[in-house]
Amino acid sequence: MSKSSLLAFWKESDLIKDNKVLKAFSEVKREDFIPEEYRQQAYGDYPLSIGYQATISQPTTVVIMLQALNIKPGNKILEIGSGSGYNAALLSKLAGNKGRVFTIEYVKELYEFAKSNLKKFKNVTCINADGKLGLKKQSPFDRIIVTAASQGIPEHLLQQLKIKGILVIPVNSFLSQEMLKITKLKTGIKKESLGSFLFVPLK
Ligand code: SAH
């Protein structure tokens, strides 16, 4: 697969209707976030290993999550699970110059990998910590995205989301994860399901 064939596939399948997501995808080089041995597979529509039991997610999964997040320029965004930094790079494009992206990675080596891959994305800050706790001192956030399988919805993340803010998170169900889009309301939350996906577990 090539970048253009993936874009054509999404348009044809009606999967991605958000042109801003397609533009971000076409602007960021996925190959720059992939270990050398797999680089020629950069535009295969499947996850690739980045070591430490982590993967750079499948492109179709990434764009579905980004579309559900409905990012506006200027948004302050929190990502849990930096991995390669690729998704953070897309978030950076969608948030624009006036937006900020904070991405948290638990594994030190992957934090370093993401940080070096994201050098030229000036609105992104990388943090080496446990993302389940969120990032209180930068909260509240307009958008939060979790890119590892979660046991339920972490309370800290809900607390750190603005009213009308959106959280996209894969939550464990039987053998896979149900991708949830959660919108925080003045009283309570609204939950929508985006279907079943497979993710590496949140530590
Ligand atoms: N978004 C990444 C892919 C993430 S894979 C990309 O674009 O490449 C999931 C990542 O979540 C892994 O790197 C894993 O180490 C990390 N992770 C798992 N549990 C975590 C936790 N509690 N806090 C932060 N990161 C975590």
Side-chain angles (χ1 to χ4, degrees), residues 3 6 21 24-25 27-39 41-69 71 77-95 101-121 123-139 141 143-158 160 167-172 176-177 179 194 197-203:
K3 194 182 229 178
L6 264 182
V21 171
F25 182 83
E27 283 173 0
V28 176
K29 289 186 173 166
R30 193 166 186 261
E31 56 271 38
D32 288 353
F33 295 82
I34 292 174
E36 211 161 335
E37 66 250 55
Y38 303 120
R39 222 163 263 170
Q41 299 179 59
Y43 294 98
D45 198 15
Y46 40 80
L48 292 168
S49 170
I50 51 173
Y52 310 94
Q53 290 158 357
T55 56
I56 173 170
S57 307
Q58 176 177 356
T60 291
T61 304
V62 172
V63 293
I64 287 173
M65 292 177 85
L66 292 175
Q67 174 167 264
L69 270 183
I71 292 163
I77 306 171
L78 177 66
E79 178 189 41
I80 318 300
S82 316
S84 66
Y86 175 65
N87 191 55
L90 296 169
L91 293 170
S92 155
K93 292 281 182 194
L94 288 162
V101 177
F102 298 88
T103 182
I104 309 182
E105 172 55 53
Y106 191 86
V107 177
K108 181 85 196 284
E109 290 84 351
L110 289 173
Y111 153 79
E112 303 285 0
F113 183 52
K115 195 172 164 161
S116 74
N117 292 340
L118 286 163
K119 256 189 215 126
K120 63 176 190 217
F121 295 85
N123 58 352
V124 180
T125 306
C126 295
I127 297 134
N128 183 206
D130 178 3
K132 287 195 294 298
L133 304 175
L135 190 63
K136 193 153 191 265
K137 64 173 192 251
Q138 291 293 343
S139 69
F141 297 95
R143 302 291 185 262
I144 302 179
I145 177 168
V146 180
T147 63
S150 178
Q151 204 67 262
I153 303 166
E155 191 51 42
H156 291 282
L157 300 186
L158 274 183
Q160 294 173 25
L167 162 66
V168 173
I169 181 168
V171 172
N172 282 334
S176 62
Q177 287 85 43
M179 185 76 72
L194 305 175
F197 293 83
L198 271 180
F199 278 83
V200 300
L202 200 61
K203 295 181 179 51

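Source: prediction; values computed, not measured. Atoms within each ligand, like the ligands themselves, are counted from 1 in listed order. Position 1 is the first residue of the sequence; numbering continues from there.
The only option from Leu167, Leu66, Leu69, Leu94 that meets the side chain to side chain contact (heavy atoms under 4.5 Å, CB included) definition with Arg143 turns out to be Leu69.
Nearest heavy atom pair, residue Val124 against residue Ser92, reads CG2-CB, 3.5 Å.
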Using a 3.5 Å cut-off on N/O to N/O, what pairs does ligand 1 make with the protein? A line per pair would be great.
residue: ligand 1; atom: 1 (N); partner: Glu79; partner atom: OE2; Å: 3.3
residue: ligand 1; atom: 1 (N); partner: Gly81; partner atom: O; Å: 3.0
residue: ligand 1; atom: 1 (N); partner: Thr147; partner atom: OG1; Å: 3.1
residue: ligand 1; atom: 7 (O); partner: Asn87; partner atom: N; Å: 3.0
residue: ligand 1; atom: 8 (O); partner: Ser84; partner atom: N; Å: 3.0
residue: ligand 1; atom: 8 (O); partner: Ser84; partner atom: OG; Å: 2.6
residue: ligand 1; atom: 13 (O); partner: Glu105; partner atom: OE1; Å: 2.8
residue: ligand 1; atom: 13 (O); partner: Glu105; partner atom: OE2; Å: 3.4
residue: ligand 1; atom: 15 (O); partner: Glu105; partner atom: OE2; Å: 2.6
residue: ligand 1; atom: 19 (N); partner: Lys203; partner atom: N; Å: 2.7
residue: ligand 1; atom: 22 (N); partner: Asp130; partner atom: OD1; Å: 2.8
residue: ligand 1; atom: 22 (N); partner: Lys203; partner atom: O; Å: 3.0
residue: ligand 1; atom: 23 (N); partner: Gly131; partner atom: N; Å: 2.8
residue: ligand 1; atom: 25 (N); partner: Tyr106; partner atom: N; Å: 3.2

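Using the six-membered ring where Trp is involved, Phe102 and Phe141 have ring planes that are perpendicular, over 60° apart on the 30 and 60° scheme.
Separating the CD atom in Gln177 from the CD1 atom in Ile169 is a distance of 10.5 Å, to the nearest 0.5 Å. The distance from the CG atom of Asn128 to the OG atom of Ser82 is 8.5 Å, given to the nearest 0.5 Å. Between atom CD1 of residue Ile64 and atom CG of residue Leu194 there is a gap of 8.0 Å, rounded to the nearest 0.5 Å.
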